[in-house]
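What follows is a single structure, written as structure tokens, with notes after it.
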Amino acid sequence: MLHELITFNKLLSNLSGEDYARLLPHLEVTQLSLGQTLYEPNQPIDYAYFPINAVVSLINILEGGQGVHATVIGNEGMIGVPLVLGTMQMPMAAVTQIAGSALRIEASVFRAELRCSGVLYPLMLRYIQVFISQLTQSLACIRLHSAQDRCCFLLALLQDYVGSRDLVITQEALSRVVGVRRAGANEIVSALARAGLIHHQRGKITILDRPGLEAASCQCYRVLRAEYGRLSSHL
């Protein structure tokens, strides 16, 4: 089962046979629940996580306790970038936004494997480049694009990460990801439903018209897809 699950994380699926064999005994399947905090800001990191169909948000926590959403990570990436860079903590919180499965590995073991493997470390460095691009794209998106366009982009991205047109996500969680108040998220979801792009009910959004959703999204979706395409093409 573990052998099969690794292929669902697109980052791990790029490992060489040797690196795959080295990492396999140290990976374990874990279930991430909605709202689960994987990392607290500036606290020790215990595990690196590789999502299968869960989606995790990175959230910048301000001094007053307010959280500002930075980006989402799904099955094309990993949570624990500081481990690759030689540190054991990160300034942001990592919180599950869509519950699901992930593979995890102890931080100390992961760091040891980075030093020993021939492919894992270069692969993680290439991923970090994509990760940085995703963060900067998110900042530009919040600044320049409308909330509705951004919502379409994120719903398309979430569908990619979950692997299903059915997204088990509350409108409260969606409002955090999009960066609007809950009332604003409600208005956007209703507008997309009237346009026939999605169907929504309590705690669940179903994508009905994927091409239409992509057409209605901002350019950030296409930019990010191109970044992940370049990651795979250079392996």
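Because the structure is predicted, anything quoted here is derived from the model rather than measured.
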Are [X] and [Y] side-chain neighbours, meaning at least one heavy-atom pair lies under 4.5 Å?
X: Asn75; Y: Asn53; value: no
X: Met78; Y: Tyr127; value: yes
X: Leu12; Y: Leu27; value: yes
X: Thr30; Y: Tyr47; value: no
X: Arg111; Y: Met88; value: yes
X: Lys10; Y: Tyr228; value: no
X: Tyr161; Y: Glu76; value: yes
X: Phe153; Y: Gln137; value: no

Hey, does the side chain of [X] reach the backbone of [Y] with a donor-acceptor pair shorter than 3.5 angstrom?
X: Thr87; Y: Leu83; value: no
X: His69; Y: Thr71; value: yes
X: Thr96; Y: Gly35; value: no
X: Ser190; Y: Glu187; value: no
X: Asp209; Y: Gly196; value: no
X: Glu227; Y: Phe131; value: no
X: Asn9; Y: Pro51; value: yes
X: Arg150; Y: His145; value: yes

Under 4.5 Å between side-chain heavy atoms, counting indirect links through other Ile/Leu/Val/Met/Phe/Trp/Tyr residues: same cluster for [X] and [Y] or not?
X: Val130; Y: Val223; result: no
X: Ile73; Y: Val68; result: no
X: Met90; Y: Leu38; result: yes
X: Ile59; Y: Tyr49; result: no
X: Leu157; Y: Val95; result: no

Can you name the nearest heavy-atom pair linking [X] to [Y], along with the distance?
X: Leu197; Y: Gly212; result: CD2-C, 3.6 Å
X: Tyr39; Y: Gly80; result: OH-CA, 3.5 Å
X: Ile188; Y: Gln148; result: CD1-N, 3.9 Å
X: Ser217; Y: Arg222; result: O-NH1, 4.2 Å
X: Val177; Y: Ser57; result: CG2-OG, 4.0 Å
X: Pro91; Y: Asn60; result: O-OD1, 4.5 Å

Next on the checklist: Test salt bridge (Lys or Arg N to Asp or Glu O under 4.0 Å) on Asp160 and Arg225; report intermediate values, then the result.
Outcome noted: CA-CA 10 Å; Asp160 293 345; Arg225 288 266 55 86; 3.0 Å; yes
Item to check | Side-chain donor-acceptor contact under 3.5 Å, Tyr20 with Asn14 | outcome: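 There is no such pair between these side chains.
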Next on the checklist: Under the side-chain contact (heavy atoms from CB on, under 4.5 Å) test against Cys151, which residue among Leu155, Asp149, Leu154 passes?
Outcome noted: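 Considering Leu155, Asp149, Leu154, a side-chain contact (heavy atoms from CB on, under 4.5 Å) with Cys151 is found only for Leu155.
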Item to check | Reported CG-to-CZ distance for the pair Leu11 and Arg126, which is rounded to 0.5 angstrom | outcome: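 It comes to 11.0 Å.
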Item to check | Gap between atom CE of Met92 and atom CG of Leu58 - 0.5 Å precision | outcome: 4.5 Å
Checklist entry - Going through the checks in order, is the side chain to side chain contact (heavy atoms under 4.5 Å, CB included) test met by Leu114 and Val84? => result CA-CA 7 Å; Leu114 286 170; Val84 183; 4.2 Å; yes
Next on the checklist: Other residues, nucleotides and ligands only: do more than 12 of their heavy atoms fall within 6.0 Å of CD on Gln129?
Outcome noted: no
Checklist entry - Is Arg210 atom CZ crowded by more than 12 heavy atoms from other residues, nucleotides or ligands, each under 6.0 Å away? => result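 More than 12 within 6.0 Å, yes.
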